[in-house]
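See structure below.
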Amino acid sequence: MVAANEKTPWQGRGRLENLVAELNRQRETKLDFVADARNLMVVAGEKELVLAPADAIGQEWLPASGLRISDNALPQFGNRLDPDIPTKFLRELTAKRTGTASTLVNDLFQSEPKRHFIRCLDGKVRACLSNSYRVLDNYDLAFAALDVARANDGEVIEASLSDKHMRLKFTTRAIWDAVNEKDGGTGNHEWIGRTGWGGSDNTDLPGGQGTVHPLVTISNSETGHGGLRVQLGILRRICVNSAIIEDVQARIHLGDKLETGIYTEETLAADSKAIMLKCRDAIKAAFTKERFAALIAKVQGAADDKVARPREALENIVTVGGLTDAANDAILEYFLGDYDRNRYGLAQAVSRYAQDVDDPDEAFAVEELAGKVMVGAVALA
């Protein structure tokens with residue numbers, strides 16, 4: 001785990017201080033600009049494509065040697081061309097015929113006067129987006145969400161960051177309910193320890209072993225991989241199992257078209273203020289007893305829905321979630337060894353597996369899958 005005061009890039013799943021330190025570091029190295037495609041060119045690197053200035057105007061934004069186009073940004077370049085280049089083909093062409101790929105992309109890139117919003121970080125291009133893309137800055141969003149959560153007795157249980165997404169998970173101990181259960185695991189203690197939440201402490205369970213609290217998950221992408229999302233779910237207190245059940249706020253990052261030039265964080269933050277306010281309202285609404293009661297009503301029946309054929313049920317869940325055979329084996333082991341033989345227990349086993357997943361985007365997808373199992377959105381036979 002990277003210490004919070006280090007200037008080393010951090011990604012993964014961890015504590016709030018890890019995320020804050022990384023977002024502070026990124027503010028010192030990121031570069032955002034809007035440019036006409038004709039002022040830029042795509043050239044071949046070492047089995048990769050490089051975005052470079054095509055003229056003196058392009059040199060206002062990019063170094064003469066250019067910046068490497070990241071793996072996540074490469075499909076975006078292909079998608080913004082006319083005709084667009086399919087992602088799989090572009091990736092293979094770049095790896096095997098880099099010169100051919102650069103010629104193809106560059107010819108199409110410069111063939112029409114289209115403005116592109118280019119986002120750069122740590123000496124590479126991390127996104128190529130429409131100049132109508134409205135930036136919701138991770139740093140500003142994180143602190144806005146944190147302020148409103150704390151004002152409503154909320155606390156952070158996990159912060160995560162990947163090349164594509166930032167996520168914050170909040171809960172509140174002030175609101176709780178209980179789901180009837182006989183058996184239930186106590187979670188991955190190593191992972192729980194890394195979150196700093198202390199979920200394995202059994203002395204604070206107002207509803208007994210089945211105590212659950214509301215879970216609010218804030219997701220954002222600065223690179224065009226989905227919009228802002230505020231989602232609601234439940235958190236099983238004793239093991240910190242998370243299940244994401246429904247969206248309460250979703251917003252695509254589209255706004256007015258941006259003119260050419262470099263855009264400072266102040267300019268971009270001002271443009272997104274209205275959306276930030278709606279996000280704060282969504283978080284506040286999620287931390288109400290009435291909202292949580294409505295959510296619990298959706299999952300109460302899961303404890304009464306017996307799972308007669310666990311292997312067959314899990315096979316369908318794995319197929320829906322696109323999980324691996326190893327994930328199937330782990331979830332089955334958790335279910336048969338630690339949880340009640342009902343749909344609620346199976347959902348908790350899926351959620352328990354998410355604690356073993358290091359990749360934050362994959363773990364999030366598993367927690368969404370757990371929520372779908374819990375409310376009966378995935379057939380068990």
Side-chain angles (χ1 to χ4, degrees), residues 149 152-158 169-217 231-246 286-308 310 313-314 330-356 363 366-377 380:
N152 291 273
D153 296 319
E155 56 189 298
V156 178
I157 59 170
E158 183 186 343
K169 290 163 61 176
F170 300 93
T171 192
T172 174
R173 302 173 198 244
I175 301 174
W176 62 272
D177 206 323
V179 177
N180 293 329
E181 57 179 347
K182 296 179 181 179
D183 294 316
T186 56
N188 180 332
H189 290 189
E190 190 275 331
W191 178 84
I192 294 172
R194 281 194 281 127
T195 69
W197 198 56
S200 58
D201 181 1
N202 299 350
T203 63
D204 184 21
L205 299 172
Q209 178 176 284
T211 300
V212 291
H213 299 284
L215 175 74
V216 178
T217 302
Q231 293 171 286
L232 187 60
I234 66 171
L235 181 81
R236 185 172 180 264
R237 173 71 177 91
I238 195 171
C239 61
V240 202
N241 277 352
S242 301
I244 299 169
I245 295 174
E246 63 183 42
F287 278 143
T288 63
K289 293 181 179 179
E290 294 77 14
R291 192 72 182 81
F292 186 52
L295 192 69
I296 289 296
K298 290 186 175 184
V299 305
Q300 285 287 12
D304 299 322
D305 190 358
K306 302 300 181 182
V307 178
L314 187 54
I331 295 170
L332 183 63
E333 181 178 349
Y334 290 139
F335 180 53
L336 297 180
D338 296 332
Y339 295 98
D340 291 337
R341 304 295 177 83
N342 53 41
R343 179 158 46 87
Y344 182 77
L346 186 53
Q348 290 296 337
V350 174
S351 178
R352 168 62 182 86
Y353 170 70
Q355 295 185 5
D356 299 338
V366 174
E367 290 171 351
E368 283 193 309
L369 180 62
K372 292 176 181 178
V373 174
M374 196 169 291
V375 297
L380 301 187

| Looking at Lys169 and Thr217, what are the two nearest heavy atoms and their distance? | CG-OG1, 3.7 Å
| request: Calculate, to the nearest 0.5 Å, the distance between atoms CD1 and OG1 belonging to Ile238 and Thr211 respectively. | output: 8.5 Å
| Any sub-3.5 Å donor-acceptor pair from Asp340's side-chain atoms to Lys182's backbone N or O? | yes
| field | Taking every non-hydrogen atom, the tightest pair across Cys239 and Tyr339 | value | SG-OH, 4.5 Å
| query | With Ile296, which residues qualify under side-chain contact (heavy atoms from CB on, under 4.5 Å), at least two apart? | reply | Asp177, Val212, Ile234, Phe292, Val299, Gln300
| query | Under the salt bridge (charged side-chain N to carboxylate O under 4.0 Å, His left out) test, which residues partner Glu333, sequence neighbours left out? | reply | none
| Of Glu367, Arg236, Gln348, which is the lone residue that meets side chain to side chain donor-acceptor pair (under 3.5 Å) with Asn241? | Gln348
| task | Would you mind reporting whether Val366 and Val350 have side-chain heavy atoms less than 4.5 Å apart? | result | yes
| field | Non-hydrogen atoms of Trp176 and Gly207 that approach each other most closely | value | CZ3-CA, 3.5 Å
| query | Can you name the closest pair of heavy atoms from Met374 and Ala302 and give their distance? | reply | O-CB, 3.4 Å
| query | Does some side-chain heavy atom of Thr172 sit less than 4.5 Å from a side-chain heavy atom of Asn152? | reply | no
| request: For Asp153, check salt bridge (charged side-chain N to carboxylate O under 4.0 Å, His left out) against everything at least two apart and list the hits. | output: none
| message | As an exercise, state the distance from CG of Leu235 to CD1 of Ile244, rounded to the nearest 0.5 Å. | response | 11.0 Å
| note | CG of Leu369 to CD1 of Ile331, rounded to nearest 0.5 Å, is 7.0 Å
| field | Glu290: salt bridge (charged side-chain N to carboxylate O under 4.0 Å, His left out) partners, not counting sequence neighbours | value | none
| request: Work out which heavy atom in Gly233 is nearest to a heavy atom in Leu295; give both atom names and the distance. | output: O-CD2, 3.3 Å
| request: For residues Ile245 and Leu232, determine if any side-chain heavy atom of one lies less than 4.5 Å from a side-chain heavy atom of the other. | output: no
| said: Restricting to side-chain contact (heavy atoms from CB on, under 4.5 Å), what partner residues turn up for Lys298, sequence neighbours left out? | reply: Glu246, Val375
| message | Minimum heavy-atom separation for Arg173 and Arg237, please, with both atom names. | response | NH1-NH2, 2.8 Å
| Take atom CG in Asp305; do more than 12 heavy atoms of anything else shown fall under 6.0 Å from it? | yes
| Tell me, do Pro214 and Arg291 make a side-chain contact under 4.5 Å, heavy atoms counted? | no
| task | Only counting residues at least two apart or in another chain, list the ones meeting side-chain contact (heavy atoms from CB on, under 4.5 Å) with Asp356. | result | Asn188, Tyr334, Arg352, Tyr353
| query | Under 4.5 Å between any side-chain heavy atoms of Val240 and Trp191, yes or no? | reply | yes
| query | So, Thr171 side chain and Leu215 main chain: donor-acceptor pair closer than 3.5 Å or not? | reply | no
